[in-house]
Protein chains: 2
Amino acid sequence: MSGNEDKTSRFPAVGEDGAHSPDGRFYKEEIELALRNKGMPLEALRHDVTPATMHYLLVHFDVPAVDAREWRLEIKGALANPLSLSLEEIKQRPAVSTTVTMECAGNGRALLEPRLINQPWGLSAVSTAEWTGTPLAALLAEAGLADEAVEIVFTGLDEGVQGDEVQFYQRSLTIDEAMRPEVLLAYEMNRETLPPPHGYPLRLIVPDWYGMASVKWLDRIEAVGEPFEGYQMVSSYRISRSADELGEPVTLLKVRALMAPPGIPDFLTRQRLVRSGPVVLQGRAWAGRAAIARVEVSVDGGQSWADADLADRVSPFAWTAWSFTWDAEPGRHTLSVRATDDAGNTQPVDPPWTYHGMANNMVQRVDVLVE
Amino acid sequence: MSGNEDKTSRFPAVGEDGAHSPDGRFYKEEIELALRNKGMPLEALRHDVTPATMHYLLVHFDVPAVDAREWRLEIKGALANPLSLSLEEIKQRPAVSTTVTMECAGNGRALLEPRLINQPWGLSAVSTAEWTGTPLAALLAEAGLADEAVEIVFTGLDEGVQGDEVQFYQRSLTIDEAMRPEVLLAYEMNRETLPPPHGYPLRLIVPDWYGMASVKWLDRIEAVGEPFEGYQMVSSYRISRSADELGEPVTLLKVRALMAPPGIPDFLTRQRLVRSGPVVLQGRAWAGRAAIARVEVSVDGGQSWADADLADRVSPFAWTAWSFTWDAEPGRHTLSVRATDDAGNTQPVDPPWTYHGMANNMVQRVDVLVE
């Protein structure tokens, strides 16, 4: 299922076993992916809304060059009234702004062992932005979905090779998910024109889902009569135990909390130096289509846990701020945080291993030296 | 000279030999640095001015939280009239906008072997932005520099540990360099408020120099009577052959050209797939305080070179666009580009190895498969 295992692949395999790396070291291809695909520095957890220059980014192929004056969105397939809309025509429709916490499905992958050789996220692939656009549901209603339509396929302008398959990035949603009122076609991020790497001129925003659903650089939207089985649906973004097992699709965000590491960092190791005394630990917690019920902090490596204070969340689709005052005593300590949602789901201490390294919501550990 | 070698360091050494990695694999600490410190995806070479969300970023410690309403810039030391200025007072002074190509001194470090364990830049740590601010020279003149002043020290609000030394980021310039008319105190990037990771509310911009000179999150500016010997002047940003050799300081940008890789990428390896026929290769070239005289392209792995066409440069402190039409025939090819400045300096094919991995301006190689 992975292109690395395909002996006829156009490009050489990466790593000694071709798919997974067994130890704590990484390959130059992973470094290049890490330099292209940007994490949110965790100190940005202080912001309700992440500045656009600090928002995480995963770009599968290249950021495409788009001339918005010539660009049009095609809406077609199993529907009565196909549409072809300019950016101006889309902006003339009702506008909605929604603050959304987005997380990459691969967040936490680099903490797995062995791990798939792929974008090597630590824990920084999450951010929150305010997206402005027009609801998709109204456009689909206007286009008159046919009775036989079961899914909507979204195609981006970004083209590349993955698993040795030449492809434009494509993902689908069921009709029910596509018609939810919070799903937007967005042309602004944080009240500014959508930046090129975030999908200029138009992207899909699917709140509560992992980020792969929010297709960027939209080219066309098609209603189809069969479930879509493109590469990004069946060969990636799966929760499975092997390359051969199809497993379950990645969908809604799993519950997670993160902490802004306290004190000051060591440049190279990123380990933290904290001055002794009261330290206010702060961060954010979120879960897809659920509210955060509880956030707990451990300052002794996970032996004991205490409740953090929760703030109101920024929007129904965004994270919840938490804080906890710790009396830091000199020495080495490991700080952890874990969240529980209102459906009773909580985070595991040990990483939930999957073949593709998706949806690893294990608890964060932050090593600090208090002086 | 490196903290890795200091057995009394607060934090553990990274890597097996503690300072340099001998083979093609990387450590998890390097991955975390690569995820924090952002490269410019090379397809952004298409832009005269890099969008802020695609501009490279090197943040030594954490992005500091600054309340601009309370922030003040202190200008003090060996001068007659110390100043303390609010952001509004700085904005009321004459404003200048300058388009500047900035490059990290460590760009190309990961292509060295062995390489210092440090921010593992490939070739993407370069970008161009339009900075708006007020010239530093006028403020220094107003402050009345004393005769004994030999350097100006710039201190940021970003604090951390490097080489086991707790420090705020600090760099100095000689009086002559600090008084050059193009040196700015900038509060806007690309005509927007300076984003937090780029130095909000105020940063120094030193055109023609590697990026380490352009101190972010300015806290104070001090005129001093002796050359400043802080960590970022004498223990880092040096061109030397060993940890013990002081070597030469990193200063002006060395000549370099880069190419936007043609065709489409493989997701994992970033190798390129190109359709056969005429392909317009495009990119940018730059050199500090010199103009680009010539850009040459090789499509046969460096055996032969041909001149590219040059455009006018965007500003006296910014890169020059180049283009070259290649008739791509099916098969595997290695594309390269090299620039020569008007002082006759050109790029080496082999990497110029230095202990700290600074100023490696070796020629870029791009592997492509034409089908």
Side-chain angles (χ1 to χ4, degrees), chain A residues 3-4 10-12 14 24-39 41 43-44 46-47 51-55 57 59-65 110 117-118 120-122 124 159-163 166 192 195-198 261 264-271 273 369 371, chain B residues 3-4 10-12 14 24-39 41 43-44 46-47 51-55 57 59-65 110 117-118 120-122 124 159-163 166 192 195-198 261 264-271 273 369 371:
Chain A
N4 294 318
R10 290 179 175 85
F11 301 112
V14 175
R25 291 204 289 166
F26 293 81
Y27 294 89
K28 68 176 165 45
E29 291 82 357
E30 294 175 283
I31 284 281
E32 278 301 318
L33 286 175
L35 288 164
R36 280 185 63 80
N37 294 315
K38 304 173 181 185
E43 63 268 29
R46 77 170 75 105
H47 299 283
T53 50
M54 300 179 91
H55 197 289
L57 265 173
V59 174
H60 281 75
F61 306 125
D62 282 2
V63 174
I117 296 176
N118 193 323
W121 291 123
S124 61
E159 186 184 14
V161 184
Q162 197 169 356
V166 177
E192 304 279 355
H198 289 284
I264 60 174
D266 179 60
F267 170 78
L268 181 59
T269 64
R270 305 310 298 174
Q271 290 195 37
L273 184 64
L369 170 61
E371 286 185 345
Chain B
N4 292 317
R10 291 179 174 86
F11 301 112
V14 175
R25 292 204 289 167
F26 294 80
Y27 294 89
K28 70 174 165 43
E29 290 83 356
E30 293 174 285
I31 284 280
E32 279 301 319
L33 286 175
L35 288 164
R36 280 186 62 81
N37 294 316
K38 304 172 180 185
E43 63 268 29
R46 77 170 75 102
H47 299 283
T53 51
M54 300 179 90
H55 197 288
L57 265 173
V59 174
H60 281 75
F61 306 125
D62 284 2
V63 175
I117 297 175
N118 193 322
W121 290 125
S124 60
E159 186 185 13
V161 184
Q162 196 169 358
V166 177
E192 305 279 355
H198 289 284
I264 59 174
D266 180 58
F267 169 79
L268 181 59
T269 64
R270 305 310 299 177
Q271 291 196 35
L273 184 63
L369 170 61
E371 287 188 345

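Within every chain, numbering begins at 1; the chains are lettered A, B, ... in the order of the sequence lines, protein sequences first and strands thereafter.
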Undergrad: Give a yes or no on whether the backbone of A:R270 and the side-chain of B:R36 come within a donor-acceptor separation of less than 3.5 Å.
TA: no
Undergrad: Whether the side chain of B:K38 engages the backbone of A:N37 through a donor-acceptor N/O pair (distance < 3.5 Å, no angle test) should be reported.
TA: no
Undergrad: Check the pair A:R25, B:F26 against side chain to side chain contact (heavy atoms under 4.5 Å, CB included), reporting the backbone distance first and the verdict last.
TA: CA-CA 5 Å; A:R25 291 204 289 166; B:F26 294 80; over 6 Å; no
Undergrad: If you look at every heavy atom in B:L33 and A:L268, which pair is closest and at what distance?
TA: CD1-CD1, 3.8 Å
Undergrad: Measure distances from B:E30 to the heavy atoms of chain A and classify the residue's part below 4.5 Å as side chain, backbone, both or neither.
TA: both
Undergrad: Look only at the side chain of B:E43 and the backbone of A:V63, and say whether a donor-acceptor pair between them is shorter than 3.5 Å.
TA: yes
Undergrad: Under 4.5 Å from any heavy atom of chain A, what part of B:P41 do you find: side chain, backbone, both or neither?
TA: both
Undergrad: With chain A, which of B:P51, B:P197, B:A110, B:P261 has the greatest number of heavy-atom pairs at distances under 4.5 Å?
TA: B:P197
Undergrad: Provide the closest heavy-atom pair for B:L35 versus A:P120 in the form atom of the first, atom of the second, distance.
TA: CD1-O, 3.5 Å
Undergrad: Counting heavy-atom pairs closer than 4.5 Å to chain B, which one of A:E29, A:H47, A:E371 comes out on top?
TA: A:E371
Undergrad: Heavy-atom distance under 4.5 Å to chain A: side chain of B:I31, backbone, both or neither?
TA: both
Undergrad: Of A:T269, A:L369, A:D266, which meets side-chain contact (heavy atoms from CB on, under 4.5 Å) against B:V161?
TA: A:D266
Undergrad: List in chain and number order the residues that pass ring pair (Phe, Tyr, Trp, His ring centres under 6.0 Å) with B:F267, two or more places apart in sequence or in another chain; answer none if no residue qualifies.
TA: A:H60
Undergrad: Heavy-atom distances under 4.5 Å only: say whether B:L273 touches chain A with side chain, backbone, both or neither.
TA: both
Undergrad: Does any part of the side chain of B:M54, heavy atoms only, come nearer than 4.5 Å to the side chain of A:P195, both counted from C-beta?
TA: no
Undergrad: Quick one: of A:G160, A:S124, A:A44, who has the most non-hydrogen atom pairs under 4.5 Å with chain B?
TA: A:G160
Undergrad: Measure B:E32 against the heavy atoms of chain A and call it side chain, backbone, both or neither at under 4.5 Å.
TA: side chain
Undergrad: Could you tell me which of A:E159, A:H55, A:K28 has the largest number of non-hydrogen atom pairs under 4.5 Å with chain B?
TA: A:E159
Undergrad: Checking heavy atoms, do the side chain of B:A52, its backbone, both or neither come under 4.5 Å from chain A?
TA: both
Undergrad: Show, in sequence, the C-alpha distance, side-chain angles and deciding distance for A:R10 and B:Q271, and conclude whether the side chain to side chain contact (heavy atoms under 4.5 Å, CB included) test is met.
TA: CA-CA 9 Å; A:R10 290 179 175 85; B:Q271 291 196 35; over 6 Å; no
Undergrad: Name the option with the most non-hydrogen atom pairs under 4.5 Å to chain A; the candidates are B:D62, B:I264, B:V59.
TA: B:D62
